[in-house]
> 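Below are the structure tokens for one structure; questions will follow.
Labels below follow one simple rule: chain letters A, B, ... track the order of the sequence lines, proteins then strands, and each chain is numbered from 1. Just so we're clear, the structure is a prediction, and the values are computed from it rather than from any experiment.
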Amino acid sequence: MGKKLIEFRNVSFRYGDEQPWVLKNCSFDIYEKEWLAIIGHNGSGKSTIAKLMNGLLFPQEGEIIIDGQQVNEESIWSIRKDVGMVFQNPDNQFVGTTVQDDVAFGMENRGIPREEMITRISETLSAVGMQDYLLTEPHRLSGGQKQRVAIASVLAISPQVLILDEATAMLDPKGRTEIMQTVNNVQEKNELSLITITHDLQEVVQADRVIVMNDGEIWDEAIPRDIFSKKDDLREIGLDVPFVAILADELKANGISITKEPLNHEELLEDLWTLHLKT
Amino acid sequence: MSNSLIIGQYVPGQSLVHKLDPRTKITIIFFFVFIVFFANNLVSYTLLTVFALASMFISRVPIRFILKGLTPVWFLIVFTFILHLFVTKEGTLIFDLYIFEFYTGGVIQGFAISMRFFLLILMTSLLTLTTTPIEITDAIEDMLHPLKKVKFPVHELALMMSISLRFIPTLMQETEKISRAQASRGVDFKTGPIKERAKAVVPLLVPLFVSAFKRAEELAMAMEARGYQGGEGRTKLRELKIEKRDILIYVLFACVIAGLIYTRNY
Amino acid sequence: MDITFKNVSYIYQRNTPFAHKAVDDLSFHIPSGSFVAIIGHTGSGKSTLIQHLNGLAIPSEGEVTIGDFYLTNDKKPKNMKELRSRVGVVFQYPEHQLFEETVEKDIAFGPENFGVSKDEINKRIKDLIPAVGLSEALLERSPFDLSGGQMRRVAIAGVLAVKPEVLVLDEPTAGLDPRGQKEMMEMFYTLHKEQGLTTILVTHSMEDAVKYADHVIILNQGTKYMEGKPEEVFIQKEALHKVQLDVPEMVQFLNLFENKFGKSIPFERQSIKEIAQSIQHIVKGAEKP
């Protein structure tokens, strides 16, 4: 694992003095260039974590350190350069009147010269496959296309971390696939840390590491394979288990020994094939 | 269905009039509004009419779009003409009808005033027909720039305008969706007494406001996350540039003004 | 109520340069009491189709019959309101339609519009509250103080309070977490069976279609692309891929299994447990029972 990039140290958060705690004493680290998935039922505190990471919210207790800097009122503007975020609703984060204006928005805020903006707009829009839509207005784009523009806008300020806060939740399956392909490409090329906050199991399976949130606490922190071996417990806290994991369990119940928890169809089939050859 | 949505009246094109800097267009129309009132004889009116019609033809905006822009004011133009016809008692009497007397002065006066109206409306609608709302916003921001010295929030105003423009289609789609949902719950927006129909607006407006506020909140957060901290130190992607063609048009327009002053004394 | 579409086309902004056919020569029949899933991408004509079901859209060409109601371009039913009281539509993100001061008033809004008596409405609300998974304590609260999931249940209760015979669901689980999605679908399925509803579910989830629907219609660019029982439609991998749709994950796995083992396990909407048993027989080399 690379260098520590984000540290949460005993972080607690609530929206008001009378309100219940949304996050309770959470501590974890995020490393350079890793893909971390954060899952949990609605209201488990996972989106709050995202907002704490770039100073949209501040914790009442504990501290958050990003690339050596503590997140506070003074540091937020430099931290927001390093931590880019894509939100859930594609419409409510599209500021510009056209695609290129929207990608420019973040750069304009940071005083980047115009010539530089033009180069970066064409680079980042090509990276997300939206180079042909420079002058298109947002209401002519699909949800998936808008989210790709949102990703380009974040990439344009070359952050170290890209957070997708349920960015695929409002999209149809086609839009979801588009975004995940885009994100895969981009992460490899730009060597980013990627944090995906999601319910979508496919997104979880691809991650390097998973944090499971439950009622404001970290319920588990592990690699996807280990997470999905705890099926009953996951269901208990309102989450889902992939089809292969359920099938593997049923097979075990039928007396078939599965050597390792499968993450995808191929792994399970391989396991079955080896077994078949032996009998 | 959203493909048909056109904000404002803008008709896309590549003509000289489209390509002019929006500031040039606004400045010229601003002065045009004044000089129209200086026209006082046939020659000066012809001069201005030729200028306005020439701009219209160069813009290549189909005439039906221009006529559509004029429809709401036709009545005003005709009304002004008739008013002058009845009221002005100058020149020679043409004929009288019971208590009404019509004079040549009335016809000329009526024609002149209606013509002024017509020219004003033609030129201003040409501005909105050939300039996108966002270009107008940019031009206003730039032209109001000196007001920043007296703490007038020029940048904020322009940003508000451009965000409103951006969200008009979104809110229109939303209105359509909510009215469909309420119609399914038995609300009748189209028939029934006025009082009932007015009441039917509540189930439409409340959700619309709730959602607009939610959008505003989320948008504000997204803008903050993308480093927005006010107009200070911002650069701009869209830039306005005075080109040769703008200077050419200014010179031409100066000639029109000069010609107008000269012909006034005819 | 039986629902029949006969050569239905719908054109937006007819006779303008922006005219565009959202639904094109669509015909199908849905018998009363069935559970039908409609699947297709954004822009496939799904939302235009469902607007025809309660007269929000009138076909530009062709005819729609819903029970005794008959919709064609030149013949609108006079009793549109009655049609809307018998066909309930739960739109996407239905919580966006809430507007009343209290949950109770919002649920009562629909039935009041359709002239249901006060007593009857109160009785229906009492029955509905547990059925949609809410508690009576919420009735006096403002709907805007509730959680997203609760708001959606209130909106759904508002549609059900009209006691429709046909229930149209447009992606009712969008934006919910996995448990919420499952509870929501189970709730609709229970209602479907207990009240003998005709249910039309617009969904992207092949899994839900397999689990609940007894008939599937696949739309593509405004036309009917495929139609049939889930177990017939969902095994046609190539045809579905052509319109960028996927087969359910179970079918994907069974295909891969067949490639590897050279033996096929036919897809019959069986449970994962049953599939595990079939696999066990093949892997262990035992004969099928």
Side-chain angles (χ1 to χ4, degrees), chain A residues 39-44 46 88-89 142-145 166 169-178 198-202 234-258 262 264-266 268-279, chain C residues 39-44 46 92-93 147-150 152 171 173-183 202-207 210 243-246 248-263 270-286:
Chain A
I39 57 173
H41 58 84
N42 283 352
S44 62
K46 56 191 192 316
Q88 180 176 16
N89 191 321
S142 71
Q145 289 176 321
E166 298 198 47
M170 293 180 76
L171 307 180
D172 63 7
K174 205 163 129 192
R176 246 173 242 192
T177 323
E178 276 170 25
T198 182
H199 303 306
D200 193 313
L201 296 168
Q202 288 315 314
L234 281 176
R235 280 198 205 101
E236 190 82 6
I237 60 166
L239 292 171
D240 220 343
V241 192
F243 167 80
V244 271
I246 304 171
L247 182 59
D249 258 20
E250 290 293 346
L251 287 167
K252 280 182 212 158
N254 274 294
I256 290 184
S257 59
I258 305 290
N264 52 44
H265 296 175
E266 288 73 21
L268 179 59
L269 282 167
E270 203 50 53
D271 222 353
L272 290 172
W273 185 241
T274 330
L275 196 69
H276 181 63
L277 291 180
K278 277 189 217 155
T279 45
Chain C
I39 297 176
H41 284 297
T42 315
S44 60
K46 292 174 301 185
Q92 235 182 77
Y93 300 102
S147 76
Q150 286 173 321
R152 186 166 300 183
E171 290 183 52
T173 62
L176 299 177
D177 61 18
R179 172 159 44 197
Q181 294 184 358
K182 203 168 163 219
E183 284 174 3
V202 173
T203 183
H204 289 301
S205 161
M206 305 291 168
E207 270 62 36
V210 167
V243 292
Q244 286 170 294
L245 289 170
D246 261 325
E249 205 180 347
M250 190 185 274
V251 180
Q252 282 174 35
F253 182 81
L254 292 178
N255 283 337
L256 290 172
F257 185 85
E258 191 181 343
N259 291 345
K260 190 124 195 162
F261 286 80
K263 282 179 190 151
Q270 59 270 63
S271 67
I272 298 185
K273 191 172 251 156
E274 287 163 330
I275 288 193
Q277 282 162 3
S278 312
I279 292 176
Q280 191 234 359
H281 284 295
I282 295 176
V283 172
K284 294 280 187 188

> Checking heavy atoms, do the side chain of Ile237(A), its backbone, both or neither come under 4.5 Å from chain C?
backbone
> Considering only heavy atoms and a distance below 4.5 Å, find which of Glu249(C), Gln92(C), Glu183(C) pairs most often with chain A.
Glu249(C)
> Heavy-atom cut-off 4.5 Å, strictly under: side chain, backbone, both or neither for Glu166(A) against chain C?
neither
> Of all of Gln277(C), Lys182(C), Lys273(C), which one pairs up most often with chain A through heavy atoms under 4.5 Å apart?
Lys273(C)
> Mind checking what makes side chain to side chain donor-acceptor pair (under 3.5 Å) contact with His41(A), not counting sequence neighbours?
Asn214(A)
> Got Leu245(C) and His41(C) here, is their nearest side-chain heavy-atom distance under 4.5 Å?
yes
> ring-ring contact (aromatic ring centres under 6.0 Å, His included) with His276(A): which residues, sequence neighbours excluded?
Trp273(A), Phe261(C)
> Using a cut-off of under 4.5 Å for heavy-atom pairs, which of Ala248(A), Ala169(A), Pro173(A) has the most such pairs with chain C?
Pro173(A)
> Between Met170(A), Gln88(A), Glu266(A), who has the most heavy-atom pairs with chain C when the cutoff is under 4.5 Å?
Met170(A)
> Check whether any side-chain heavy atom of Met206(C) lies under 4.5 Å from a side-chain heavy atom of Gln252(C), and answer yes or no.
no
> Working to the nearest 0.5 angstrom, can you tell me the gap between Leu268(A) CG and Phe253(C) CZ?
4.5 Å
